[in-house]
Colleague: 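Please read through the structure below; I'll follow up with questions.
Throughout, protein chains are lettered first and strands after them, A, B, ... in sequence-line order, and every chain is numbered starting at 1. Reckoned from all heavy atoms, side chains included, excluding hydrogens, waters and symmetry mates. Every value quoted in this text rests on a predicted model; they were computed, and no experiment measured them.
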Amino acid sequence: MRYSRYLLPTLKDAPSDAEIVSHRLMIRAGMIRKVASGIYNLLPLGLRVIRKVERIVREEMDRAGAQEVLLSFVLPSELWKESGRWDEYGKELLRFRDRHKREFCLGPTHEEAITDLVRREVRSYRELPKNLYQIQAKFRDEIRPRFGLMRGREFIMKDAYSFHASDECAEREYENMYRTYSRIFERCGLNFRAVEAETGPIGGKFSHEFMVLADTGEDSIATCRRCTYAANIERAETRRPHPGKREGVKKDTGIKEVSTPGMKTVEEVSSFLGVEPSRLIKTLIYSTDRGTVAVLVRGDHELNDAKLKRALDVKDLTLADEQTIRDVTGAPVGFAGPVGLKIPIYADYSVLEIEDGVTGGNRLDTHIMGVQPERDFRAQYLDIRKVVEGDMCPRCEGRVEIHRGIEVGHIFKLGTKYSESMGATFLDSDGREKPMIMGCYGIGIGRTAAAAIEQNHDASGIIWPPPLAPFEVELIPINIRDKETERVSMDIYRALTDAGIEVLIDDRDERAGVKFKDADLIGIPVRITVSNRTIASGSVEMKRRGEERKWLVKIEDTVREVRSILNRTP
RNA sequence: CGGGGCGUGGCGCAGUCUGGUAGCGCACCUGCUUUGGGAGCAGGGAGUCGGAGGUUCGAAUCCUCUCGCCCCGACCA
């Protein structure tokens, strides 16, 4: 491709609304332009990268035995009413009517659509399993779109859905997709982890998120330094303390009320009393659909709502309002404690390790010191706190570290949620009609490209992992007006192109500095510079993006050298 | 949905408080010089100041409404 004819509008400044590096660089490198909040046009360079990701995804999905389809992007409301999600999905579902006043929505995901398709065509266990996937635009009317392609409203996604006659078969496909996803993100050249994720109503171990490690990620994940344990922070388990840890408890220490005027937060109480936060017992009053409960965590820990919800098996969970807190504790917010409480008390395991604790006194400006769990109050102990850096791994003797991650893929065993509500059944070998067991598997295509930039850039611009790079080589004739430079450059351009290598030749009549800056910005892996200086020694200059080293190669060896850098066989 | 902020040429911004007929840098066009890390000089094109209404002799500037965009929050004790 000739740069002079290519639509590649690079920018020195990024628009002020671009916050994170991938967003800024995609705009500056002329890959994307904003159309509306969370909606983008892809320019030629950006589309080439998206196509690279798509190609890897297609090749691996096909290899794994899945088949590509393309479902309609506009979906009739009837399907969503059948599954019950027309009412459940909320405002993220963009709805509208056609000229006949029929209701439709833009597809934010396609479980209904695929289930409808399959239930019409598949009747027998002999036709199962099937894994169907598509790559297309989705629309979710997000509350707060941000970060460019990372979290847009319109975005390109690969979504796959599998249908099975048995649980075992569905689980085998889950494993198959797990391996396929790992291969896909490896081929993309990304540093990622597959982590255990929230499974919602399905439960069990059948949901993994594929996270690209990056500080700007919106998710937190916990990984073990020794074993392969890795989980979303929402789900990550903590180790149950060893029994007998509290042997040295002094039985004679009694509880003692202290005055703590205006001291409500952990920081205030801990510094006022001169007590480590880890000796404080935080008491939180929650309203749930099963009544008001008290929840205890150590002062230096944080409660994990998702884990608490699951442990208590409740649907709604909100911090109690001020009046409720007064009603159950007899004190204003900030002075609740477990001693003497009449409502059910749930505590994190770590609370059990406290032997001389401090809690609220259930009275204004009062706390209690010398509190001992089990002696002074009774509670049910559960794993309900957030994992923190340095915790013991729940699986081995290693310690846990916390990373930020970008969710680029998610695999999920769906079970029969949609097949049951929508009547996607088949006749099994025993002659009985059964709902199909389903799985679904998604990859954010645009987000994967953005994540690659988050992970691979420097102060000058993008450093594409070669498999995702829009071109493999950028060829720079220093002075295109110099006849000899132009001739040699064009010869090399043709030779590389004939060898099947994707080349962008910067044939603009620009100064060298401009070309180098643009080349660094758009981040093509191999740079070849041609000038009268290099030609004088019968050579061209090679450089890899992201490395400082430059070296000369004989003109006639250029193709061979590029092949070896890109690790390609002729 | 709550709070805050911003809409001025393609991009980044000043001007708004204190009303007087729109400016800077980059980008763009022409010419000459220059040509290995975002060149210099000279000339030039381009803006309904987000939109509507109002106040005023006069509005980017003041008032009202409206649209769009961004940030923070939306249970973190």
Colleague: What does A:Ala336 touch in the nucleic acid at a heavy-atom separation under 4.0 angstrom: a base, only the sugar-phosphate, or nothing?
Modeller: nothing
Colleague: Using side chain to side chain donor-acceptor pair (under 3.5 Å) as the criterion, list what pairs up with A:Arg363, not counting sequence neighbours.
Modeller: A:Glu257
Colleague: Expressed in whole Å, how much space separates the C1' atoms belonging to B:A52 and B:G68?
Modeller: 15 Å
Colleague: Rounding to the closest angstrom, what is the interatomic distance between B:U33 and B:C26 at atom P?
Modeller: 23 Å
Colleague: Taking for each residue the nucleotide of RNA chain B with the nearest heavy atom, is it A:Val266 or A:Asp17 whose nucleotide lies nearer the 5' end?
Modeller: A:Asp17
Colleague: Please give the distance between the P atoms of B:C71 and B:C29 as a whole number of Å.
Modeller: 33 Å
Colleague: Would you say A:Ser37 places a side-chain N or O within less than 4.0 Å of OP1 or OP2 belonging to B:C70?
Modeller: yes
Colleague: Where does the angle between the aromatic ring planes of A:Tyr89 and A:Trp80 fall among parallel (under 30°), tilted (30 to 60°) and perpendicular (over 60°)?
Modeller: perpendicular
Colleague: What is the distance, to the nearest angstrom, from the CG atom on A:Asn41 to the P atom on B:G10?
Modeller: 17 Å
Colleague: Using a strict threshold of under 4.0 Å (side-chain N to carboxylate O), is an ion pair present between A:Glu484 and A:Arg487?
Modeller: yes
Colleague: Which of residues 360-367 of chain A have a heavy atom under 4.0 Å from RNA chain B?
Modeller: none
Colleague: In whole Å, measure the gap between the P atoms of B:C17 and B:C63 for me.
Modeller: 9 Å
Colleague: If B:C76 has a Watson-Crick or G-U wobble mate with both distances under 3.5 Å, name it; if not, just say none.
Modeller: none
Colleague: When rounded to the nearest Å, what value does the distance between P atoms of B:G15 and B:G54 take?
Modeller: 29 Å
Colleague: Expressed as a whole number of Å, how far does the P atom of B:G58 sit from that of B:G53?
Modeller: 15 Å
Colleague: Is there a Watson-Crick or G-U wobble partner for B:C57 with both distances under 3.5 Å, and if so, which one is it?
Modeller: B:G20
Colleague: Using a strict threshold of under 4.0 Å (side-chain N to carboxylate O), is an ion pair present between A:Arg298 and A:Glu353?
Modeller: yes
Colleague: Please enumerate all residues that pass side chain to side chain donor-acceptor pair (under 3.5 Å) together with A:Ser220, with sequence neighbours excluded.
Modeller: A:Arg404
Colleague: Can you tell me the distance, in whole Å, between the CZ atom of A:Arg146 and the P atom of B:C70?
Modeller: 11 Å
Colleague: Between A:Asp365 and A:Ser259, is there a side-chain donor-acceptor contact under 3.5 Å, judged purely by atom types and distance?
Modeller: no
Colleague: Using the P atom in both, what is the distance from B:C67 to B:G51, to the nearest Å?
Modeller: 15 Å
Colleague: What residues, two or more places apart in sequence or in another chain, satisfy salt bridge (Lys or Arg N to Asp or Glu O under 4.0 Å) together with A:Lys138?
Modeller: A:Asp159
Colleague: If I take atom CD1 in residue A:Ile143 and atom P in nucleotide B:G2, what distance separates them, rounded to the nearest angstrom?
Modeller: 13 Å
Colleague: Is A:Ile476 touching bases, backbone alone, or none of the nucleic acid, heavy atoms closer than 4.0 Å?
Modeller: nothing
Colleague: When the distance from CG of A:Leu296 to P of B:A77 is rounded to whole Å, what number comes out?
Modeller: 17 Å
Colleague: Just wondering, do A:Ile522 and A:Phe471 contact through their side chains at under 4.5 Å, heavy atoms?
Modeller: no
Colleague: With the sugar-phosphate defined as primed atoms, P, OP1 and OP2, and the base as all remaining atoms, what B/S/- string results for nucleotides 31-39 of chain B, 5' to 3', for protein heavy atoms under 4.0 Å?
Modeller: ---BBBBBB
Colleague: A:Arg385 has an atom CZ; how far is it from atom C1' of B:A77, in whole Å?
Modeller: 17 Å
Colleague: With a 3.5 angstrom cut-off on both distances, give the Watson-Crick or G-U wobble partner of B:C49, or none if there isn't one.
Modeller: none
Colleague: How long is the line joining CG of A:Asp300 and C1' of B:A77, in whole Å?
Modeller: 14 Å
Colleague: May I ask you to decide whether A:Asp17 forms a salt bridge with A:Lys34, counting only side-chain N to carboxylate O separations under 4.0 Å?
Modeller: yes
Colleague: Would you measure the distance from the C1' atom in B:C62 across to the matching atom in B:U16 and give it in whole Å?
Modeller: 10 Å
Colleague: Nearest-Å distance, NZ (A:Lys386) to P (B:C76)?
Modeller: 11 Å
Colleague: Should B:C26 form a Watson-Crick or G-U wobble pair with both distances under 3.5 Å, which nucleotide is its partner?
Modeller: B:G10
Colleague: Given B:C13, is OP1 or OP2 found less than 4.0 Å from the side-chain N or O atoms of A:Ser16?
Modeller: yes
Colleague: Round to a whole Å and report the spacing from CZ of A:Arg24 to P of B:C70.
Modeller: 15 Å
Colleague: Would you mind pulling out the nucleotide paired to B:G37, Watson-Crick or G-U wobble, both distances under 3.5 Å?
Modeller: none
Colleague: According to side chain to side chain donor-acceptor pair (under 3.5 Å), who are the partners of A:Tyr381, at least two apart in sequence or on a separate chain?
Modeller: A:Glu374
Colleague: Are the charged groups of A:Glu302 and A:Arg385 less than 4.0 angstrom apart, N to O?
Modeller: no
